[in-house]
Amino acid sequence: MGAPQLMRAVVIGGGVAGLVAARRLALAGSEVVLLEAGDRVGGRVASVELAGMRVDTGAESFASRGGAVRALIDELGLGGDVQDPSGSAWVALADRTVPLPVGGLLGIPSSPLATDVHRVLDTRGSLRAYADRLLPVVKVGRYERLGPLVRGRMGDRVLERLVAPVVQNVYGADPDEVPVDAIAPGLNAAITQTGTLSGAVLRLRAAAPPGAAAQGIAGGVHRVTDALLELTRGLGVDVRTGDPALGVHPAPFGGLITVTTAREDLKVDRVVLTADGAAALDLLSDAAPDLAALPRPAASRSRAVLLLVEDARLDAAPRGTGVLRAAGRQGVRATAVTHLTAKWPWLGERAGRGRHLVRLAYRGAEEVPDAVAAADASALLGTDGLRIADRTDAVWTDSAPALAPETIAIRRALATTVLPDGLLVAGSWVAGTGLASVVASAEQAARPRAS
């Protein structure tokens, strides 16, 4: 009896999902080729040198929910470097800047009359939010969109001052367009159980595992992709940058899948497609033409501006870990500022007293003059005249934002589409925004097939 034939696999896309899938396939004994169209791997996890410090320009934290990211970090030997953020964020309202309340979900308060909630909503807004507990009990939670749910149960102020700043800045989405089940799985079920929105939030938070909702890694989240790349290559994965997949062609009656590239045609048993949404749909035109023909979402673009600020007035972290801008705040172009050296202990120690790294977020890819960036950082952090000592920018394009209505429609269609045997998909456009979703989807796609 001959030796078993070596399984061959291609992973398309070298972001975090691609690296995770390639490593998992290689550990299971497959011969793996990873194709990345760009000149580097890592996707939205990236870093840059600024003032002698290597810092994240993309993702700088990960959600602890589900445990998939932490399990991966432990496997990579980085578990001892996981850190919780120091403090919490604030919100910039039209007339003042105040700390965000604790104990909520996506900004939705569990205790509408709590002092920190009242500080944001005022008496009128808090009483309207509390009316959620006085309105008729919800027998079955079947709310479609987040905005109408919050507005109907708790009023405009909760939506505009708490929920919208969180959803728009963290997820890049409009609450009025976001499906409840996509951004808050389990919320409708909890509403059914408790009869109120605040009760549902309280139930979900009580059921969450202890610890910070988001965590980081000393030295930066980019260490995850560095370690993944080193280990995948050590396992024999052929990592090819600047080598895009040009087509994915399943055999008509089963068998091997052909992945075409400019360099060669690869005939393999398995393909895990983790490329960016638009590129992935183009590659599915042969395997799933109906899916590939669905309307595409408009691409979203954003700019992250990282500033080195030399000003000892920021040593006390006057506005916590950063500030989200509410829609009513005028005179500031940035949608948020993150005080990185206040948020992450390792970075604050590395920078030293009087030196601070802050990151400003902007919608769109337009250039931001130094004067505008300095004014925005000063206004949001409440310290006039901040001086920029150094800066670097990163522009990000997402061709299929995970919470865009068109992407959600594609994802729903994908759930009922039978792909050819051996072809699987993963990544943010499939699983949702954030490392917790992306890593879990990649692990699932790379699982050994049942014999």
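- Formation of a donor-acceptor pair under 3.5 Å by the Ser110 side chain with backbone atoms of Gly103 is found in this model.
- No side-chain heavy atom of Leu146 sits less than 4.5 Å from a side-chain heavy atom of Asp176.
- Listed by first and then second residue, the salt bridge (charged side-chain N to carboxylate O under 4.0 Å, His left out) pairs involving residues 344-359 are Glu60-Arg359, Asp315-Arg353 (not counting sequence neighbours).
- In terms of heavy atoms, Ser302 sits closest to Arg44 at OG-NH2, 4.3 Å.
- Counting all heavy atoms, side chain and backbone alike, Ala413 lies closest to Leu291 at CB-CD1, 3.7 Å.
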Inset, instruction - Please step through salt bridge (Lys or Arg N to Asp or Glu O under 4.0 Å) for the pair Arg391 and Asp370, ending with a clear verdict. - result: CA-CA 9 Å; Arg391 75 174 273 181; Asp370 280 357; 2.6 Å; yes
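- With sequence neighbours left out, Arg70 forms a side chain to side chain contact (heavy atoms under 4.5 Å, CB included) with Asp74, Val82, Gln215.
- A salt bridge is absent between Glu36 and Arg240; no separation between the charged side-chain nitrogens and carboxylate oxygens falls under 4.0 Å.
- Within the structure, no pair that satisfies the side-chain hydrogen bond (donor to acceptor under 3.5 Å, both in side chains) test touches residues 401-415, not counting sequence neighbours.
- To the nearest 0.5 Å, the span separating OG1 on Thr338 from CG on Leu360 amounts to 8.5 Å.
- Judged by distance alone, the side chains of Thr335 and Asn169 do bring a donor and an acceptor atom under 3.5 Å apart.
- Contact of the Tyr171 side chain with the Val178 side chain is not registered, since no non-hydrogen atoms from C-beta on lie closer than 4.5 Å.
- Within the 3.5 Å criterion, the main-chain N or O of Ala426 finds no donor-acceptor partner in the side chain of Ser441.
- Annotation: the span from Ile388 atom CD1 to Leu307 atom CG amounts to 4.5 Å, rounded to 0.5 Å.
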Inset, instruction - Go through Leu314 and Val309 one step at a time and tell me if the side-chain contact (heavy atoms from CB on, under 4.5 Å) criterion holds. - result: CA-CA 9 Å; Leu314 293 182; Val309 176; 4.2 Å; yes
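- With Thr57 contributing its side chain and Ala394 its backbone, the two residues share no donor-acceptor pair below 3.5 Å.
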Please report, to 0.1 Å, the donor-acceptor pairs under 3.5 Å made by any side chain of residues 93-101, with sequence neighbours excluded.
from	atom 1	to	atom 2	distance (Å)
Arg96	NE	Arg119	O	3.4
Arg96	NH2	Arg119	O	3.0
Arg96	NH2	Val120	O	3.2
Arg96	NH2	Asp122	OD1	2.9
Thr97	OG1	Arg329	NH1	3.0

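- Remark: Tyr143 OH to Leu149 CG distance equals 6.0 Å, nearest 0.5 Å.
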Legend entry - Evaluation steps, side-chain contact (heavy atoms from CB on, under 4.5 Å), between Leu423 and Val272: CA-CA 6 Å; Leu423 175 59; Val272 180; over 6 Å; no
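- Looking at heavy atoms from C-beta onward, Ile217 lies out of side-chain contact with Trp344 at the 4.5 angstrom threshold.
- Looking only at side-chain heavy atoms (C-beta outward), Asp132 and Pro112 stay at 4.5 Å or farther from each other.
- Judged by distance alone, the side chains of Tyr362 and Asp376 do bring a donor and an acceptor atom under 3.5 Å apart.
- No salt bridge links Arg333 with Glu366; every basic N to acidic carboxylate O contact stays at or beyond 4.0 Å.
- Between Asp39 and Thr241, every side-chain heavy-atom pair lies at or beyond the 4.5 Å cut-off.
- Considering every non-hydrogen atom in both Trp90 and Pro318, the closest pair reads CZ2-O, 3.5 Å.
- Looking at Asp276 and Ser399, their side chains do bring a donor and an acceptor atom within 3.5 Å of each other.
- With rounding to the nearest 0.5 angstrom, the CD atom of Gln168 is 10.0 Å from the CG atom of Leu324.
- If you take OG on Ser378 and CG on Leu386, they are separated by 3.5 Å, rounding to the nearest 0.5 Å.
- Not a single side chain to side chain donor-acceptor pair (under 3.5 Å) links Arg145 to another residue, sequence neighbours left out.
- Shown are Leu162, Leu121, Leu197; of these, the side-chain contact (heavy atoms from CB on, under 4.5 Å) with Met154 is made only by Leu197.
- Looking only at side-chain heavy atoms (C-beta outward), Leu306 and Asp393 stay at 4.5 Å or farther from each other.
- Sorted by first and then second residue, the side-chain hydrogen bond (donor to acceptor under 3.5 Å, both in side chains) pairs with a member in residues 228-237 form an empty list; sequence neighbours excluded.
- The backbone N or O of Leu380 lies less than 3.5 Å from a partner atom in the side chain of Arg319, making a donor-acceptor pair.
- A salt bridge links Arg54 to Asp226: one of the charged nitrogens lies within less than 4.0 Å of a carboxylate oxygen.
- For Ser437 against Thr433, the heavy-atom pair with the smallest separation is OG-O, 3.6 Å.
- Looking only at distances, a side-chain donor or acceptor of Arg40 sits under 3.5 Å from a matching main-chain atom of Gly43.
- Within the 4.5 Å cutoff, no side-chain heavy atoms of Arg223 are placed close to those of Asp56.
- Here the closest heavy-atom approach between residue Ala182 and residue Leu403 is recorded as CB-CD2, 3.9 Å.
- Annotation: the span from Leu187 atom CG to Leu106 atom CG amounts to 8.0 Å, rounded to 0.5 Å.
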Inset, instruction - Take Val45 and Leu435 through the side-chain contact (heavy atoms from CB on, under 4.5 Å) test and state the conclusion after the steps. - result: CA-CA 9 Å; Val45 176; Leu435 289 177; 4.0 Å; yes
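- Inter-residue side-chain proximity for Thr196 and Ile191 is flagged as unmet; no heavy-atom pair is nearer than 4.5 Å.
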Legend entry - Derivation of the side-chain contact (heavy atoms from CB on, under 4.5 Å) call for Arg23 and Leu228: CA-CA 7 Å; Arg23 174 176 176 266; Leu228 277 170; 3.7 Å; yes
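- Of the possible polar contacts, one joining the His118 side chain to the Thr123 backbone as a donor-acceptor pair under 3.5 Å is found.
- The minimum heavy-atom distance between Ala275 and Trp429, with the atom names listed, is O-NE1, 3.4 Å.
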